[in-house]
Amino acid sequence: MGRSVSRKRPWLAALLGAVATGFGHLYLRRWRRGLAWVGVLFGVIVLFVDPAAIEALANWHAVDPLAIAPILVIGSLNAVDAYLLAHAQNAVARLTFTPDGQRTHCPNCGKELDSDLAFCHWCTTEIGDLEAALPNDRNERDER
């Protein structure tokens, strides 16, 4: 019974990104990318959305869906990006071992580890027993 290598859930990142632009990226600890999405959203609102539609939306009045389509597109792209980023971050976290069984990247944040430390100097996650985290087929290959 092995411990999960990564705790980031792609569906949760996508759901948070759908609720509010950039929240999925904040969950993934990708601060700059989340802020960049918020900046893109504001830029799109300023450039492509009619101020009357924004005012009607803020006052809870009926709004033509085509008038706020750019906001919906950016929100959708943000959610998809958060999902794909979480999925990729999990894949990197699972494939972070050298052939001799040493961990090269942090299972929590995905950044490169310093081999002299027993924790990630980026996010302070403790790097536990590496043999327990290795997949069973890798342990069997090492024993042969």
Side-chain angles (χ1 to χ4, degrees), residues 1-99 101-141:
M1 181 165 81
R3 197 181 106 213
S4 176
V5 176
S6 179
R7 293 174 296 204
K8 302 303 179 191
R9 294 175 176 86
W11 61 268
L12 181 58
L15 179 66
L16 289 170
V19 168
T21 301
F23 276 20
H25 294 87
L26 296 179
Y27 165 70
L28 297 172
R29 295 183 178 206
R30 302 295 294 260
W31 315 112
R32 282 184 253 154
R33 196 167 184 153
L35 290 174
W37 274 106
V38 171
V40 167
L41 177 67
F42 282 122
V44 165
I45 288 172
V46 168
L47 294 174
F48 299 111
V49 180
D50 184 27
I54 298 295
E55 186 176 335
L57 192 62
N59 292 327
W60 295 93
H61 295 294
V63 179
D64 179 26
L66 287 177
I68 60 167
I71 296 173
L72 299 174
V73 168
I74 294 299
S76 300
L77 291 175
N78 170 61
V80 168
D81 183 54
Y83 178 85
L84 294 175
L85 187 63
H87 190 68
Q89 186 171 323
N90 289 344
V92 167
R94 285 186 205 102
L95 301 174
T96 57
F97 294 100
T98 62
Q102 291 186 339
R103 187 179 295 272
T104 60
H105 290 78
C106 176
N108 187 38
C109 68
K111 294 186 179 178
E112 192 169 355
L113 292 172
D114 184 356
S115 60
D116 297 335
L117 300 176
F119 63 93
C120 175
H121 63 282
W122 297 103
C123 68
T124 67
T125 300
E126 267 191 57
I127 306 302
D129 182 28
L130 296 181
E131 293 299 317
L134 287 173
N136 289 337
D137 62 330
R138 184 174 266 170
N139 284 335
E140 291 171 5
R141 276 186 294 168

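All values below come from the heavy atoms of this structure, side chains included, with hydrogens, waters and symmetry mates left out.
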Ala82 and Ala14 have their tightest heavy-atom pair at CB-N, 4.4 Å
Do Phe23 and Asn78 have side chains that approach each other closer than 4.5 Å (heavy atoms only, starting at C-beta)?
no
To the nearest 0.5 angstrom, please state how far the CD atom of Glu112 sits from the CH2 atom of Trp122.
9.5 Å
Gap between atom CG of Leu26 and atom CH2 of Trp37 - 0.5 Å precision
13.5 Å
Looking at side-chain heavy atoms only, is the closest gap between Phe119 and Thr125 below 4.5 Å?
no
By side-chain hydrogen bond (donor to acceptor under 3.5 Å, both in side chains) - contacts of Arg33 (at least two apart)
Asp81
For residues 46-69, dump all side-chain donor-acceptor pairs below 3.5 Å to protein atoms at least two apart in sequence or in another chain.
residue : atom : partner : partner atom : Å
Asn59   : ND2  : Glu55   : O            : 3.2

Shortest non-hydrogen pair, Ala79 vs Ala18, comes out as CB-N, 3.9 Å
Which value, rounded to the nearest 0.5 Å, describes the distance between Leu77 atom CG and Thr21 atom OG1?
10.0 Å
Determine which pairs satisfy salt bridge (Lys or Arg N to Asp or Glu O under 4.0 Å) with at least one residue from residues 82-91, sequence neighbours left out, and list them in order.
none
Between the main-chain N or O of Gly17 and the side-chain N or O of Tyr83, is there a donor-acceptor pair closer than 3.5 Å?
no
How far does CZ of Arg29 sit from CD of Gln89, to the nearest 0.5 angstrom?
9.5 Å
So which of Leu28, Asn90, Val80 actually passes side-chain contact (heavy atoms from CB on, under 4.5 Å) with Leu85?
Leu28
